[in-house]
Amino acid sequence: HGPGVIAFESSVLEAGITRYTYTPTVRGHYQIAIKQAGAKIRHGSFSLYVNHASMNPRRSVFTSAVEVDAGEQLNITAQARDEFGNDHSGSSDNWGMQLWDGYRLIDETLTALGDGVYQYTDTPTLAGNYVAYVSTLGETLGTGPLEIRIWPGPTDPASCKTEGAGTSF
């Protein structure tokens with residue numbers, strides 16, 4: 001539940017004392033106004049800030065593009081989230097990434113950008129299909145592995161060569 005008008009569950013503990021119960025799941029600022037039979041209760045208004053819950057790797061997501069041309073910068077970005085899908089701003093050094101290039105897994109480093117955002121940056125030079133596995137707290141992100149496509153970049157005449165009979169340069 002998030003901000004808005006919500007009816008709380010209540011129970012009478014004893015004469016004049018009532019307990020109101022509500023479990024918020026959306027991070028944010030709330031203004032609470034307690035009413036009984038439609039009338040505001042004196043001193044029954046206050047504000048409340050609900051923070052995120054504990055970080056949950058299964059709800060954390062990738063937030064980046066997955067296709068670039070060879071020679072262009074590739075940014076793989078992951079956002080930490082809690083069990084309710086709220087962005088999680090807590091920082092952890094337990095984020096890691098492995099990149100599968102079709103032949104082997106390569107350990108890569110993610111940089112903490114703050115506010116629960118982690119990023120891997122590289123300028124790939126070889127076209128092909130790759131798979132990134134990002135994990136934290138020993139679990140892979142809930143969105144699973146990220147498939148990446150590196151397209152051939154522009155042709156560099158200095159890197160071209162001609163071979164065969166009758167060629168001379």
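This is a predicted model, so every value here is computed, not measured.
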Quiz prompt | side chain to side chain contact (heavy atoms under 4.5 Å, CB included) assessment of Ile148 paired with Ile76 | solution = CA-CA 9 Å; Ile148 303 163; Ile76 297 174; 3.3 Å; yes

Exercise. Test Gln73 against Thr121 for side chain to side chain contact (heavy atoms under 4.5 Å, CB included), laying out the working first.
Key: CA-CA 7 Å; Gln73 184 170 304; Thr121 301; 3.4 Å; yes

Quiz item: Are Leu74 and Trp100 grouped together when hydrophobic residues (ILVMFWY) are joined by side-chain heavy atoms under 4.5 angstrom apart?
Solution: no

Quiz item: Are any non-hydrogen side-chain atoms of Asp69 and Pro152 less than 4.5 angstrom apart?
Solution: no

Quiz item: Think Arg149 forms a cation-pi with Trp151, using NZ or CZ under 6.0 Å from the six-ring centre and within 45 degrees of its axis?
Solution: yes

Quiz item: Rounded to the nearest 0.5 Å, how far does OG of Ser54 lie from CZ of Phe84?
Solution: 9.5 Å

Quiz item: Is any side-chain heavy atom of Thr123 closer than 4.5 Å to a side-chain heavy atom of Glu72?
Solution: no

Self-check item: Passing candidate, side-chain contact (heavy atoms from CB on, under 4.5 Å) with Gln98, options Ile106, Val134, Leu105
Solution: Leu105

Self-check item: Inter-residue atom distance Ser135.OG - Asn94.CG, 0.5 Å rounding
Solution: 9.0 Å

Exercise. May I ask you to decide if Arg104's main-chain N or O and Asp101's side chain share a donor-acceptor pair within less than 3.5 Å?
Key: yes

Quiz prompt | Step-by-step side chain to side chain contact (heavy atoms under 4.5 Å, CB included) determination, Leu126 to Ile150 | solution = CA-CA 7 Å; Leu126 295 175; Ile150 308 301; over 6 Å; no

Quiz item: Would you call Tyr30 and Tyr49 a side-chain contact if the rule is heavy atoms closer than 4.5 Å?
Solution: no

Quiz prompt | Hydrophobic cluster identity match, Leu141 and Val66, side-chain contacts under 4.5 Å | solution = yes

Quiz prompt | Minimum heavy-atom distance Ala80-Ser60, with the two atoms named | solution = CA-OG, 3.5 Å

Quiz item: Would you say the side-chain atoms of Asp115 pair up with the backbone N or O of Val117, donor to acceptor, closer than 3.5 Å?
Solution: no

Exercise. Measure the spacing between OG1 of Thr77 and OH of Tyr120 and express it to the nearest 0.5 Å.
Key: 12.5 Å

Quiz item: Going through the distances and angles, do Leu113 and Tyr118 end up as a side chain to side chain contact (heavy atoms under 4.5 Å, CB included)?
Solution: CA-CA 6 Å; Leu113 301 179; Tyr118 300 85; over 6 Å; no

Quiz item: Does Leu99 belong to the same Ile/Leu/Val/Met/Phe/Trp/Tyr cluster as Val68, with side-chain heavy atoms less than 4.5 Å apart forming each link?
Solution: yes

Quiz item: In this structure, which one of Glu83, Arg27, His52, Arg59 forms a side-chain hydrogen bond (donor to acceptor under 3.5 Å, both in side chains) with His88?
Solution: His52

Practice problem: Calculate, to the nearest 0.5 Å, the distance between atoms CE and CH2 belonging to Met55 and Trp95 respectively. | Solution: 5.5 Å

Quiz prompt | Distance (rounded to the nearest 0.5 Å) between Thr111 OG1 and Asn75 CG | solution = 10.0 Å

Quiz prompt | Set of salt bridge (charged side-chain N to carboxylate O under 4.0 Å, His left out) partners for Arg81, sequence neighbours left out | solution = Asp87

Quiz item: Does the Asp82 side chain pair with the main chain of Ala53, one donor and one acceptor, at a distance under 3.5 Å?
Solution: yes

Quiz item: What's the spacing between Arg58 CZ and Leu137 CG if we round to 0.5 Å?
Solution: 10.0 Å

Quiz item: Does the side chain of Ser47 reach to within under 4.5 Å of the side chain of His29, using non-hydrogen atoms?
Solution: no

Quiz prompt | Nearest non-hydrogen partners of Pro145 and Phe62, listed with the distance | solution = C-CE1, 4.3 Å

Practice problem: Please say whether more than 12 non-hydrogen atoms of neighbouring residues, nucleotides or ligands are located less than 6.0 Å from CD in Glu147. | Solution: no

Quiz item: Quick one: are Asn86 and Val26 in side-chain contact, heavy atoms under 4.5 Å?
Solution: yes

